[in-house]
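Structure record follows, encoded as structure tokens.
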Amino acid sequence: MKQVVSFDDVLAEIAVLVRPHFGKGRTAQYIPQLAGVNPNQFGMAICTIKGEEHAIGDADVSFSAQSITKLFALGLALNSIGDEVWTRVGKEPSGTPFNYLSQLEHEEGIPRNPFINAGALAVTDILLNHAAEPDALVRDFMGMLGVAHLAIDEDVAVSELETAHKNRAIANLMRSFGTITHDAEAVVEAYCRQCAVTVTCRQLARAALPLAARGFSPLIEETIFPERLTRRLNALLLTCGTYDSVGSFAYRVGLPSKSGVGGGLVAVIPDHAVVAVWAPELDRFGTSVVGAYALEYFSQLTNCSVL
Ligand code: GLN
């Protein structure tokens, strides 16, 4: 893994290369507030473990972090209760869409992994034991790491809550199996609010930097995750971070990554940097079309890959 080119040049080249890929996807249609986002936006930021930052386009425009927050929620849960998390959630790719219901019943209420919605709802349930407002906990954790005050977009939160029928079904099913222990509606509400955290590419790249620096944040000079846990979080990102397209995503990009239906993507280059990209149009797996191309070009142009 060697970076022989300047990141600024790479970003400029990527901004040109991705142009033909606009218009190939659609904004998240099932969350009315996200459906209406201007699709012609593109931002990308790189933050290195030395603290250097490189950015292009709309890298300082806030967007809905959505499922990218699941990474930070999981980090908080693992930091507080450790391996006990794995009594409620698995570590396997699901091979099914992120909001799939029936696999959960077959597998007795234990979600395949912490990044599908069922798994993230179980993590929210765990965090509810430690905080009355897990959404605020996740927002502040991301903000602390991203060196920013982050907000929860109330309109997005309400918009998703009004249409969160599938997530309610998932939460209720898990409640019936005992995977979640709090009121299902309270869990769904905290989860939707967590997903509505807004972030910019630059803030996101900073926030995920401990994953590239063996758990240490060079920005706030604090150890956030033990080194072994950091490796494990990256393993989960690589194998489960982009749901049922995770194999082809690894084939194309080769970096532990997390997607969100706001159109954000964050990718970790261990011992080197974090790349965050945002473009709102999604493929059918809920991953940013242009964002995935941007990361694919990034790994091709820089030879940065864990594989
Ligand atoms: N809040 C979204 C949902 O629950 C998150 C999905 C995602 O970003 N993949 O459907």
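Side chains included, hydrogens not; waters and symmetry mates left out as well; all remaining heavy atoms used. We count ligands from 1, going down the list as the structure has it; atoms in each ligand are counted the same way.
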Item to check | Aromatic ring pairing F141/F72, orientation class (parallel under 30°, perpendicular over 60°, tilted between) | outcome: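 Perpendicular.
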Checklist entry - Relative to the ring of H21, is the ring of Y293 parallel (under 30°), tilted (30 to 60°) or perpendicular (over 60°)? => result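 Judged by the thresholds at 30° and 60°, the geometry between Y293 and H21 is parallel.
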Report, in ascending order of atom number, the atoms of ligand 1 lying under 4.0 Å from any heavy atom of [X].
X	answer
G260	8 (O)
Y191	1 (N), 2 (C), 3 (C), 4 (O), 5 (C)
C195	1 (N)
Q66	1 (N), 2 (C), 5 (C), 8 (O)
Y243	7 (C), 9 (N)
Y30	2 (C), 3 (C), 6 (C), 10 (O)

Quick one: look at [X] and ligand 1, take heavy-atom pairs under 4.0 Å, and tell me if it's side chain, backbone, both or neither.
X	answer
N117	side chain
E160	side chain
N99	neither
S67	both

Next on the checklist: Walk me through whether T181 and D125 qualify under side chain to side chain donor-acceptor pair (under 3.5 Å).
Outcome noted: CA-CA 7 Å; T181 55; D125 187 70; 3.1 Å; yes
Item to check | Point-to-point distance, once rounded to the nearest 0.5 Å, from CG of D140 to CE of M144 | outcome: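 Nearest 0.5 Å value for the CG-CE distance: 9.0 Å.
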Checklist entry - Roughly how far, to the nearest 0.5 Å, is CG of D8 from CD1 of I46? => result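 With rounding to 0.5 Å, CD1 (I46) is 8.0 Å from CG (D8).
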Checklist entry - Any N or O on S259 sitting closer than 3.5 Å to an N or O of ligand 1? => result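 The answer is no, given that S259 and ligand 1 share no N or O pair closer than 3.5 Å.
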Checklist entry - Take atom CD in Q29; do more than 12 heavy atoms of anything else shown fall under 6.0 Å from it? => result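 Count over threshold, so yes.
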Checklist entry - Under 6.0 Å from the CD atom of E185, do we count more than 12 heavy atoms belonging to anything else shown? => result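 Counting other residues, nucleotides and ligands, CD of E185 exceeds 12 neighbours.
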Item to check | salt bridge (Lys or Arg N to Asp or Glu O under 4.0 Å) between E154 and R193, intermediate numbers included | outcome: CA-CA 8 Å; E154 298 294 336; R193 291 183 57 78; 2.8 Å; yes
